[in-house]
Enquirer: 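Let me begin by handing over the structure; questions about it come next.
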Amino acid sequence: MAEKVRIADIHKYEGQEVTIRGWLYNMRSSGKLRFLLVRDGSETIQCVVFKKDVSEATFADTDQLTQESSIVLTGVVSADERSPLGYEIQVKTLQIVQLADEYPISKKEHGVDFLMDHRHLWLRSSKQHAILRIRHEIIRAAQEYFNKEDFILVDSPVFTPNAAEGTTTLFETDYFGSKAYLTQSGQLYAEAGAMAFGKVYCYGPTFRAEKSKTRRHLTEFWMIEPEAAFFDLDDDMQLAEEFVSHIVQSVLKNRQPELQTLERDTSKLECIKPPFPKIHYEEAVDILKKNHIEFRHGDDFGGTDETVISEQFDQPVIVHHYPAAIKAFYMKRDPQEPQYALAMDMLAPEGYGEIIGGSQREDDYETLLQRIREHNLPEDAFAWYLDLRKYGSVPHSGFGLGIERTVAWIAGIQHIRETIPFPRTLQRLNP
RNA sequence: UCCGGCGUAGCUCAAUCGGCAGAGCGGGUGGCUGUUAACCACUAGGUUGUAGGUUCGAGUCCUACCGCCGGAGCCA
């Protein structure tokens with residue numbers, strides 16, 4: 001009985017008979033020869049069927065095979081220079097598990113909309129494999145970093161009774177007769193966690209009902225949000241830069257083949273090491289002025305503005321001290337210059353935009369209550385949040401990192417919709 | 001919501017000035033003992049997004065609608 005092996009491990013079995021289980025990626029035939037390209041999720045390998053080496057029934061079976069038919073085959077592993085993997089399998093027996101119907105995704109070009117309609121099948125192709133493996137590595141490395149730094153995972157709820165920030169449109173749902181909203185951030189709950197555990201993070205999906213139609217937007221995206229007690233804005237920025245460089249270096253270390261598949265210029269990633277450049281909002285505005293960009297002082301930066309600012313640097317750049325007027329109610333103001341919030345955004349290089357938004361939080365009860373009133377937010381819904389300022393309030397800070405934008409940047413993908421298995425956008429809820 | 005673009009075979013596209021709707025891939029049949037998006041021959045496959053209009057004649061021009069894509073605003 002041949003050992004069942006993953007194709008990724010095939011190099012350990014040269015000269016031995018093995019069984020692999022997978023799907024037919026492609027087949028080429030040449031008279032009495034059949035070349036089956038078989039993938040099993042871990043890798044793809046060419047399997048050679050010689051008519052004289054197999055039974056007549058087995059050889060006849062290969063003629064029926066269609067793209068993506070599921071098969072189990074047994075054969076001997078042999079080294080071969082002509083194979084991209086370095087090995088191929090000389091087939092002895094072949095079992096068809098299921099003969100696939102005509103497969104909609106051919107090896108030629110397809111449009112994005114067609115591929116997205118078949119996203120459940122598109123995930124099988126090599127480019128999507130590479131992207132999602134990099135996504136996996138980014139999430140793994142992010143959790144590894146927080147674990148190493150003694151942050152505790154304290155997840156936030158998805159159903160919430162109120163908006164974290166009054167401005168953004170929320171998805172409304174019926175919650176047994178009353179209204180509930182899908183969360184747009186786990187931050188407020190992470191703050192409660194930080195007061196309980198000191199250092200925490202949450203990781204989960206977040207939802208924005210904004211009608212944004214750009215390559216940087218999804219209606220459902222994943223965010224990882226650390227929050228730490230006794231952290232000021234400087235501590236927060238230092239955490240952010242060390243966290244992001246750990247993620248980039250982990251991808252470089254563990255996902256080289258995937259980066260090559262995507263033809264990513266890794267020299268742009270190798271230089272990502274702390275410290276990152278940190279500039280005041282006013283310095284960022286000066287950069288826009290020098291580049292003759294029309295910009296109204298006091299506004300937030302648009303997509304083009306972000307690109308121009310980030311192009312001045314090889315590394316991600318952190319912009320801090322935004323005008324308080326354009327920032328969320330919970331952000332603490334700078335005591336020296338109260339017109340500025342102790343806020344910071346991290347902009348990814350190469351025009352990939354904002355990947356982190358964070359701040360030091362307002363920790364004074366009266367000030368926070370006043371902000372809630374100024375923003376016309378329901379006081380009773382925030383009673384528990386205000387409690388955090390009544391029972392041992394301390395300076396604290398945190399940030400949120402958008403997973404999909406980070407994947408797009410590190411993997412070098414133009415459009416964010418390919419960085420998540422099943423994207424949800426303004427126009428797409430299926431599959 | 002606003003601005004711009006595109007809808008032709010299962011898929012990706014072509015069709016000159018308004019004049020017989022085509023190719024490649026995929027499917028089917030046959031051939032080939034080392035193929036690398038294999039190749040060769042033959043073959044099936046169409047309400048040109050929908051509705052109306054102009055014209056001897058519309059894939060092509062006009063109007064409306066529908067769908068999708070890109071960008072702006074807003075944000076991670």
Side-chain angles (χ1 to χ4, degrees), chain A residues 25-37 44-53 59 63-64 66-68 78 80-85 88 90 100-118 121-122 125-126 164-170 183-187 205-225 240 299-307 322 326-328 345-348 352-358 399-409 414-417 419-420 425-428:
Chain A
Y25 195 69
N26 190 18
M27 177 165 74
R28 292 176 284 268
S29 68
S30 180
K32 307 294 183 282
L33 267 171
R34 299 286 183 270
F35 301 97
L36 314 184
L37 220 51
T44 304
I45 192 168
Q46 177 161 283
C47 303
V48 186
V49 185
F50 269 97
K51 191 171 187 180
K52 67 177 167 55
D53 290 347
F59 196 76
D63 278 336
Q64 294 182 44
T66 50
Q67 191 183 353
E68 288 299 322
S78 63
D80 196 304
E81 289 173 356
R82 289 164 295 193
S83 158
L85 196 61
E88 50 181 42
Q90 309 296 323
D101 282 5
E102 188 183 328
Y103 195 62
I105 301 177
S106 72
K107 283 157 296 184
K108 290 277 179 171
E109 292 163 19
H110 292 286
V112 176
D113 201 47
F114 174 83
L115 288 168
M116 272 301 171
D117 282 341
H118 298 84
L121 303 176
W122 191 19
S125 71
S126 60
E165 318 174 23
T167 55
T168 311
T169 318
L170 299 173
T183 184
Q184 59 176 352
S185 165
Q187 180 210 313
T206 51
F207 308 86
R208 304 280 164 94
E210 285 289 340
K211 296 197 171 176
S212 300
K213 281 178 70 173
T214 80
R215 76 174 92 106
R216 301 185 306 280
H217 287 87
L218 297 169
T219 54
E220 177 182 314
F221 64 98
W222 290 68
M223 195 150 65
I224 191 159
E225 298 173 90
D299 280 1
D300 206 348
F301 303 120
T304 316
D305 305 329
E306 286 181 356
T307 302
Y322 282 81
I326 56 167
K327 286 293 177 183
D345 283 356
M346 186 187 290
L347 308 178
Y352 281 96
E354 185 184 341
I355 52 170
I356 278 181
F399 62 81
L401 173 116
I403 295 294
E404 288 76 17
R405 284 189 184 177
T406 304
V407 176
W409 162 47
Q414 273 305 301
H415 203 300
I416 197 169
R417 68 189 155 202
T419 64
I420 184 168
T425 65
L426 191 55
Q427 301 291 344
R428 182 170 292 283

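These values consider heavy atoms only, across backbone and side chains, with no hydrogens, waters or symmetry-generated copies. Per chain, numbering begins at 1; letters A, B, ... match sequence-line order.
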Enquirer: What is the distance, rounded to the nearest whole Å, between atom NE2 of A:His118 and atom P of B:C11?
Expert: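 It works out to 8 Å between those atoms.
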Enquirer: In whole angstrom, what separates A:Lys327's NZ from B:C74's C1'?
Expert: 12 Å
Enquirer: In whole Å, I'd like the distance from the CG atom of A:Leu115 to the P atom of B:C11.
Expert: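 Computing the A:Leu115:CG to B:C11:P distance gives 11 Å.
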Enquirer: Going by the rule ring pair (Phe, Tyr, Trp, His ring centres under 6.0 Å), which residues pair with A:Phe114 if we only count those two or more places apart in sequence or in a different chain?
Expert: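 By the ring pair (Phe, Tyr, Trp, His ring centres under 6.0 Å) rule, A:Phe114 matches A:His110, A:His118.
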Enquirer: Using a cutoff of under 3.5 Å, can you pull out all pairs of nitrogen or oxygen atoms linking the protein to nucleotides 43-45 of chain B, with atom names and distances?
Expert:
none

Enquirer: Given atom CD of A:Gln414 and atom C1' of B:G70, what is their separation to the nearest angstrom?
Expert: 12 Å
Enquirer: Below 3.5 Å is the cut-off: list the nitrogen or oxygen pairs between protein and nucleotides 29-32 of chain B, distance only.
Expert:
residue, atom, partner, partner atom, Å
B:C32, N3, A:Gly31, N, 3.3
B:C32, N4, A:Ser29, OG, 3.4

Enquirer: Can you check the A:Asp80 CG to B:U35 C1' distance for me, whole Å?
Expert: 11 Å
Enquirer: Only counting residues at least two apart or in another chain, list the ones meeting side-chain hydrogen bond (donor to acceptor under 3.5 Å, both in side chains) with A:Glu220.
Expert: none
Enquirer: If the condition is side chain to side chain contact (heavy atoms under 4.5 Å, CB included), which residues does A:Arg417 pass it with, not counting sequence neighbours?
Expert: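 Once residues adjacent in sequence are excluded, the partners of A:Arg417 under the side chain to side chain contact (heavy atoms under 4.5 Å, CB included) criterion are A:Val112, A:Met116, A:His415, A:Pro423.
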Enquirer: Base, sugar-phosphate, or nothing for A:Tyr103, non-hydrogen atoms under 4.0 angstrom?
Expert: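 No contact at all - A:Tyr103 keeps every heavy atom at 4.0 Å or more from the nucleic acid.
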Enquirer: Within less than 4.0 Å of OP1 or OP2 of B:C74, is there a side-chain N or O belonging to A:Arg208?
Expert: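 Checking A:Arg208 against B:C74: no side-chain N or O falls below 4.0 Å of OP1 or OP2.
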Enquirer: Using a cut-off of under 3.5 Å, enumerate the N/O to N/O pairs linking the protein to nucleotides 65-68 of chain B.
Expert:
residue, atom, partner, partner atom, Å
B:C68, OP1, A:Gln427, OE1, 3.3
B:C68, OP2, A:Gln427, OE1, 3.0
B:C68, O3', A:Asp113, OD1, 3.4

